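Everything numeric in this text was worked out from a predicted model, so none of it was measured. Basis for what follows: all heavy atoms, side chains included, without hydrogens, waters or symmetry-related copies.
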Amino acid sequence: MIKRTKLFLNKTVLLSLITFSFFSIAHSQKSSVLKNGTWRATINRTDGQQIPFTFQVKDSAGKKIIYVVNGKEHLLVDSIETRADSVFIQMPFFESGFKARILEDGNLEGVWLKQYGKRTQILPFEAIRNEERFAISKHPVADISGRWSTDFVENDHVTNIVGEFVQKGSHLTGTFLDPTGDYRFLEGVVSGDSLKLSTFDGAHAYLFTAKIDNADKISGGKFYSGARSMEDWSAKRNENAKPENEFEMTKLKPGAQKLNFIFPDSNDSSEVSINDKKFKNKVVLVQILGSWCPNCMDETKFLSDYYNKNHSRGLEIIGLAYERTTDFKTSQKDLLPFKKRFHVQYPILITGVTVSDSLKTEKTLPQLESINAFPTTIFIDKKGNVRKIQSGFSGPATGKHYEEFKKEFNDIVNELLSE
């Protein structure tokens with residue numbers, strides 16, 4: 001799923017960067033320690049809104065590690081460097097990281113930097129130990145666990161998607177599903193009639209707020225994303241709500257049956273073709289992805305595990321990566337840590353075409369009408385014919401929907417393998 005993110009770099013942020021750099025140099029003789037424990041971090045937007053998330057700092061094998069916590073997800077971050085009074089935290093992918101000062105009280109103050117090709121988004125960041133993600137001041141007015149038909153409104157355009165929440169007391173987790181995927185793991189609280197949810201995964205920083213009118217209605221919602229994006233939202237309980245059929249979004253052109261492509265492998269630049277001998281008489285899944293895409297991260301973890309368990313049965317997977325640049329080396333630099341994190345054993349090829357290229361389908365997979373979502377999975381039978389195309393990926397944050405997806409996915413592959 002691709003969400004719009006607006007970039008900015010104003011005088012205030014530039015000043016904070018300069019101040020941060022000067023402070024670090026001026027105090028380079030002072031040695032500080034990133035303290036273990038649970039932290040509440042905030043990314044501060046230009047409109048004054050703060051997007052909070054939590055992380056845990058621990059010692060492991062003689063070095064510091066961090067787990068970014070969003071509900072059930074604990075995202076490991078193990079590239080952490082402390083120099084004098086400064087700490088540098090590099091997220092495992094998404095070209096994202098933090099630079100911060102360790103203050104006298106042990107708390108952090110600095111910036112979050114996110115690369116978008118040659119552009120950089122920079123937002124102020126701070127973190128405080130031993131504070132909760134959100135404060136709770138009142139008993140919840142209702143339990144909103146369940147499925148909700150949800151309307152998001154931006155510039156008078158209404159998009160209907162599905163909200164799915166699990167509430168235990170005041171603690172709230174959940175996500176939103178649309179035809180291209182989900183918003184991954186959201187975590188927050190219900191305090192009185194106030195709903196608050198947030199998440200951070202290195203690529204996206206989200207905050208959802210709303211008023212709970214009763215057990216069946218949510219109103220006055222605001223969705224804050226990244227530096228400046230904001231949408232209104234509201235919801236009505238609907239346990240039968242479902243996103244559109246993901247098998248109907250991306251289609252073959254009339255008369256087309258087989259794919260035909262050849263691209264360099266991200267490991268060693270050797271060329272790999274769908275027509276290579278190793279894919280003959282095999283069931284092949286073609287994964288359309290990008291290392292910048294959080295839903296692709298969830299799908300890659302799933303596919304990597306699935307491949308390892310089913311490769312011996314005659315299953316092959318080929319990843320086709322659409323990065324933010326046409327430069328092979330730059331794309332390779334982004335993809336290799338992505339592959340390493342999920343222990344990917346199948347080839348991921350670099351298409352050399354950017355995700356933003358309006359002609360990406362024509363340049364890479366002209367047999368398709370269009371590439372409508374990242375990720376997209378193409379199921380190919382033993383004769384080389386495309387049998388199904390699934391757009392998007394609803395991951396483990398979607399609960400029951402994810403379990404239904406896994407069963408359907410497994411049924412499709414088993415049917416193709418048995419032919």
Side-chain angles (χ1 to χ4, degrees), residues 180-181 245-252 256-268 270-291 293 295-322 335-336 338-351 364-365 367-368 371-396 398 401-419:
T180 66
N245 189 339
E246 61 266 32
F247 286 100
E248 297 179 356
M249 288 187 61
T250 303
K251 299 178 181 179
L252 283 170
Q257 288 184 309
K258 302 177 186 293
L259 300 183
N260 182 25
F261 60 78
I262 181 169
F263 298 111
D265 192 292
S266 55
N267 281 342
D268 56 12
S270 61
E271 291 192 331
V272 176
S273 170
I274 185 65
N275 299 311
D276 287 347
K277 184 179 179 180
K278 69 174 293 185
F279 304 117
K280 297 292 185 183
N281 301 314
K282 300 288 184 64
V283 173
V284 181
L285 307 182
V286 176
Q287 177 195 19
I288 296 174
L289 76 150
S291 64
C293 163
N295 286 142
C296 299
M297 178 175 71
D298 288 335
E299 187 192 48
T300 300
K301 184 179 187 304
F302 169 78
L303 288 179
S304 180
D305 293 340
Y306 196 88
Y307 176 82
N308 292 338
K309 294 174 182 177
N310 293 279
H311 174 59
S312 60
R313 300 173 61 201
L315 176 71
E316 296 288 349
I317 301 178
I318 308 172
L320 300 183
Y322 297 74
L335 277 166
L336 292 183
F338 185 89
K339 292 179 62 178
K340 181 180 178 181
R341 176 55 60 98
F342 299 115
H343 310 289
V344 177
Q345 300 301 310
Y346 57 84
I348 295 183
L349 315 182
I350 296 176
T351 64
T364 58
L365 296 173
Q367 299 82 19
L368 301 183
I371 298 171
N372 293 319
F374 285 82
T376 289
T377 304
I378 303 171
F379 297 77
I380 299 175
D381 66 20
K382 294 178 182 179
K383 296 180 180 180
N385 295 319
V386 174
R387 296 285 289 273
K388 288 183 179 293
I389 303 176
Q390 181 187 42
S391 298
F393 183 82
S394 295
T398 65
H401 189 84
Y402 179 58
E403 296 304 316
E404 293 171 350
F405 154 78
K406 289 194 293 184
K407 182 181 184 306
E408 185 174 17
F409 182 95
N410 197 51
D411 288 346
I412 294 171
V413 174
N414 282 338
E415 181 181 348
L416 294 177
L417 287 172
S418 68
E419 293 178 349

Participant: I'd like to know if the side chain of Asp298 and the backbone of Asn295 have a donor-acceptor N/O pair within less than 3.5 Å.
Facilitator: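 Not a single qualifying donor-acceptor pair exists.
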Participant: Is the shortest side-chain heavy-atom distance between Ile350 and Phe263 below 4.5 Å?
Facilitator: no
Participant: How far apart are the closest heavy atoms of Thr376 and Ser391, and which atoms are they?
Facilitator: OG1-CA, 3.8 Å
Participant: Quick one: does Phe393's side chain get under 4.5 Å of Thr398's, heavy atoms only?
Facilitator: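 Heavy-atom side-chain distance check fails, nothing below 4.5 Å.
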Participant: Less than 4.5 Å apart, any side-chain heavy atom of Val283 and any of Phe379?
Facilitator: no
Participant: Does Lys301 NZ have over 12 foreign heavy atoms under 6.0 Å away?
Facilitator: no
Participant: Testing the basics here: between His311 and Leu315, what is the closest heavy-atom pair and its distance to 0.1 Å?
Facilitator: ND1-O, 3.0 Å
Participant: Nearest 0.5 Å, what's the OG-CD distance between Ser394 and Glu404?
Facilitator: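 The OG atom of Ser394 sits 10.5 Å away from the CD atom of Glu404.
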Participant: Quick one: do Leu335 and Ile348 satisfy side-chain contact (heavy atoms from CB on, under 4.5 Å)? Show the steps, please.
Facilitator: CA-CA 8 Å; Leu335 277 166; Ile348 295 183; 4.2 Å; yes
Participant: Roughly how far, to the nearest 0.5 Å, is CG of Leu417 from CD1 of Ile412?
Facilitator: 12.0 Å
Participant: Below 4.0 angstrom, N of the basic side chain to O of the carboxylate: do Glu403 and Lys406 qualify?
Facilitator: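 A salt bridge is present here (some side-chain N lies under 4.0 Å from a carboxylate O).
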Participant: Do the side chains of Pro347 and Asn267 get nearer than 4.5 Å, heavy atoms only?
Facilitator: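 Side chain of Asn267 against side chain of Pro347, heavy atoms only: no contact under 4.5 Å found.
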Participant: Which residue is it: Lys282, Lys277, Lys280? I am looking for the one with a salt bridge (charged side-chain N to carboxylate O under 4.0 Å, His left out) to Glu316.
Facilitator: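 The option that passes is Lys282.
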Participant: Quick one: does Asn385's side chain get under 4.5 Å of Lys258's, heavy atoms only?
Facilitator: yes
Participant: Would you mind reporting whether Leu368 and Ile389 have side-chain heavy atoms less than 4.5 Å apart?
Facilitator: yes
Participant: Would you check, one step at a time, whether the test side-chain contact (heavy atoms from CB on, under 4.5 Å) holds for Glu271 with Asp265?
Facilitator: CA-CA 6 Å; Glu271 291 192 331; Asp265 192 292; over 6 Å; no
Participant: Say whether, by atom type as modelled, one donor and one acceptor occur between the side chain of Asp276 and the main chain of Lys278 under 3.5 angstrom.
Facilitator: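 A pair under 3.5 Å: no.
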Participant: Find the distance between SG (Cys296) and OH (Tyr322) and round it off to the nearest 0.5 Å.
Facilitator: 11.5 Å
Participant: In chain order, what residues pass the side chain to side chain contact (heavy atoms under 4.5 Å, CB included) check against Gln345, with sequence neighbours excluded?
Facilitator: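 Testing Gln345 for side chain to side chain contact (heavy atoms under 4.5 Å, CB included), a comparison that skips the adjacent residues, returns Tyr307, Asn308.
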Participant: How many angstroms lie between atom NZ of Lys339 and atom OG of Ser291, to the nearest 0.5 angstrom?
Facilitator: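 It comes to 12.0 Å.
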Participant: Flag the pair Ile371 / Thr364 as yes when at least one side-chain heavy-atom distance between them is below 4.5 Å, and no otherwise.
Facilitator: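 In short, these two side chains touch, coming nearer than 4.5 Å.
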Participant: Checking side chain to side chain contact (heavy atoms under 4.5 Å, CB included) between Ile274 and each of Ile380, Leu365, Ile378, Ile262, which is the one that passes?
Facilitator: Ile380
Participant: Say you draw a straight line from CZ of Phe261 to CG of Leu349; how long is it, rounded to the nearest 0.5 Å?
Facilitator: 6.5 Å
Participant: With the threshold set at 4.0 Å, does a side-chain nitrogen-carboxylate oxygen contact exist between Glu419 and Arg387?
Facilitator: yes
Participant: In Å, rounded to the nearest 0.5 Å, how long is the span from CD of Gln287 to OG1 of Thr300?
Facilitator: 4.0 Å
Participant: State, with a plain yes or no, whether a side-chain heavy atom of Phe279 is found less than 4.5 Å away from one of Val286.
Facilitator: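 Result no, sub-4.5 Å side-chain heavy-atom pair not found.
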Participant: Between Tyr346 and Leu285, does a side-chain contact (heavy atoms from CB on, under 4.5 Å) hold up when you go through it step by step?
Facilitator: CA-CA 10 Å; Tyr346 57 84; Leu285 307 182; over 6 Å; no
Participant: If the plane angle is over 60° it's perpendicular, under 30° parallel, otherwise tilted; pick one for Phe405 and Phe409.
Facilitator: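 Rings of Phe405 and Phe409: tilted, 30 to 60°.
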Participant: Just by modelled atom types, is the Leu320 backbone N or O under 3.5 Å from a matching donor or acceptor in the Thr351 side chain?
Facilitator: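 Checked: no pair found.
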